[in-house]
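Residue numbers run from 1 in the order of the sequence given. Values below: every heavy atom of this structure, side chains too, minus hydrogens, waters and symmetry copies. In each ligand, atom 1 is the first atom listed, and ligand 1 is the first ligand listed.
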Amino acid sequence: MNNNLDLLIQLGDIDYRINEINELKGDLPEKVESQKKLIVQLNSENETNEIKLTETEHELTENQYALDDTNAKLKKYKKQLYLVTTNKEYDALLTEIDHSKELLNNTQAKYDEMKSLQETLSSSLKNNKIILEETSSSLTECETELNEALKDSEDEFKSLEKKRSVLEKKIDARFLSLYNRMKRGRRGMGIISVHKNACGSCYNIMPPQTIIEIRKSEKIITCHTCGIILFWENED
Ligand SMILES: [Zn+2]
């Protein structure tokens, strides 16, 4: 038998078993991965929002000071209106009052804007914290479930992976890459036996000459239709 073919058949057996073990995991690895990602994303969002919130609260305090200050000035100017003796002084005070009123309006608008930003940031932080708690507890559940599913097959899985990497080094690079390319496909296999003169993967019937060559096991033969590597499995 062709040495590469022999090694590829062994690799196929290992991968078949690895696939079986992976099926036990179901969608748990993807769930764990996506929950971990979500936690990182939410934490980073919270960090940014907390900084923004501190800045916003600082600005709110400053705007409040400015509002108090302008209000006090306005009060003072209005009192002074009764005390002035000349028209010139009166006009000057009116200008100050107009100026203060304008300032008051602008500052109030800024204050309102900051206040609404503060509310948005606070509620986003609060929501994120709730989602974070839920995701963290769901992550723990998934990890426990995953560990439970793999408990019995973990040692076997590790030993299969070890055997696999030893085998891979012995196989010609071009055959290995062909095998791996097929394995990444829909059915997760790189090599399959011929069954009733048909490809075991796509069920395409082989020409008799191809069957003879596959039976000889002297070289690597792939399915003309799906590209998978084919071998002959003795029925006995
Ligand atoms: Zn095929």
Side-chain angles (χ1 to χ4, degrees), residues 1-41 135 138-139 141-236:
M1 151 126 37
N2 177 299
N3 187 43
N4 276 305
L5 184 61
D6 184 30
L7 295 170
L8 284 166
I9 292 170
Q10 291 178 47
L11 194 61
D13 285 343
I14 287 174
D15 281 339
Y16 184 79
R17 182 62 192 139
I18 287 178
N19 285 349
E20 275 185 338
I21 295 175
N22 279 334
E23 269 168 32
L24 292 175
K25 298 186 202 169
D27 60 351
L28 286 169
E30 287 86 2
K31 270 191 189 167
V32 165
E33 215 38 57
S34 75
Q35 283 168 347
K36 278 183 180 168
K37 259 192 202 161
L38 183 60
I39 288 173
V40 170
Q41 185 205 325
T135 312
S138 162
L139 176 63
E141 268 174 43
C142 284
E143 281 177 328
T144 313
E145 244 180 274
L146 188 58
N147 288 338
E148 201 61 34
L150 293 180
K151 202 176 59 186
D152 300 327
S153 46
E154 209 187 339
D155 290 341
E156 187 192 356
F157 190 77
K158 278 181 191 156
S159 114
L160 286 169
E161 295 243 284
K162 223 180 268 173
K163 276 186 203 162
R164 192 182 198 285
S165 73
V166 173
L167 261 179
E168 271 195 330
K169 288 186 190 93
K170 295 181 187 167
I171 302 171
D172 267 15
R174 63 192 166 117
F175 296 132
L176 184 63
S177 88
L178 172 66
Y179 174 93
N180 283 331
R181 199 169 62 239
M182 284 313 298
K183 190 177 158 277
R184 280 193 297 272
R186 199 166 53 89
R187 301 195 55 173
M189 282 181 294
I191 188 165
I192 201 151
S193 64
V194 171
H195 185 64
K196 290 184 178 159
N197 293 346
C199 164
S201 179
C202 72
Y203 311 116
N204 188 47
I205 300 286
M206 301 287 143
Q209 186 54 37
T210 311
I211 294 293
I212 291 168
E213 287 191 25
I214 295 170
R215 287 191 80 149
K216 278 191 199 158
S217 307
E218 281 169 359
K219 54 182 180 185
I220 307 290
I221 293 168
T222 57
C223 170
H224 292 304
T225 309
C226 71
I228 201 164
I229 302 167
L230 294 164
F231 72 99
W232 190 265
E233 196 164 34
N234 288 321
E235 255 112 54
D236 49 302

message: How large, to 10°, is the angle at the Zn ion (ligand 1) when you draw lines to SG on C226 and to SG on C202?
response: 120°

field: Where the Zn ion (ligand 1) is the vertex, angle from C223 SG to C199 SG to 10°
entry: 110°

Would you list the atom pairs, donor with acceptor, under 3.5 Å between side chains in residues 6-21 and any protein atom, with sequence neighbours excluded?
| residue | atom | partner | partner atom | Å |
| --- | --- | --- | --- | --- |
| D15 | OD1 | R164 | NE | 2.6 |
| D15 | OD2 | R164 | NE | 3.4 |
| D15 | OD2 | R164 | NH2 | 2.9 |
| D15 | OD2 | Y179 | OH | 2.5 |
| R17 | NE | E156 | OE1 | 3.4 |
| R17 | NE | E156 | OE2 | 2.6 |
| R17 | NH1 | E20 | OE1 | 2.8 |
| R17 | NH2 | E156 | OE1 | 2.9 |
| N19 | ND2 | G188 | O | 3.0 |

statement: Note: C202 and C199 closest approach over all heavy atoms is N-SG, 3.3 Å

query: Does any N, O or S atom of H224, backbone or side chain, fall under 2.8 Å from the Zn ion (ligand 1)?
result: no

message: Could you measure the distance from the CD1 atom of I221 to the CG atom of N2? Nearest 0.5 Å is fine.
response: 9.5 Å

- request: Assess K196 against Y203: is NZ or CZ under 6.0 Å from the centre of the six-membered ring, and within 45 degrees of the ring's axis?
  value: no

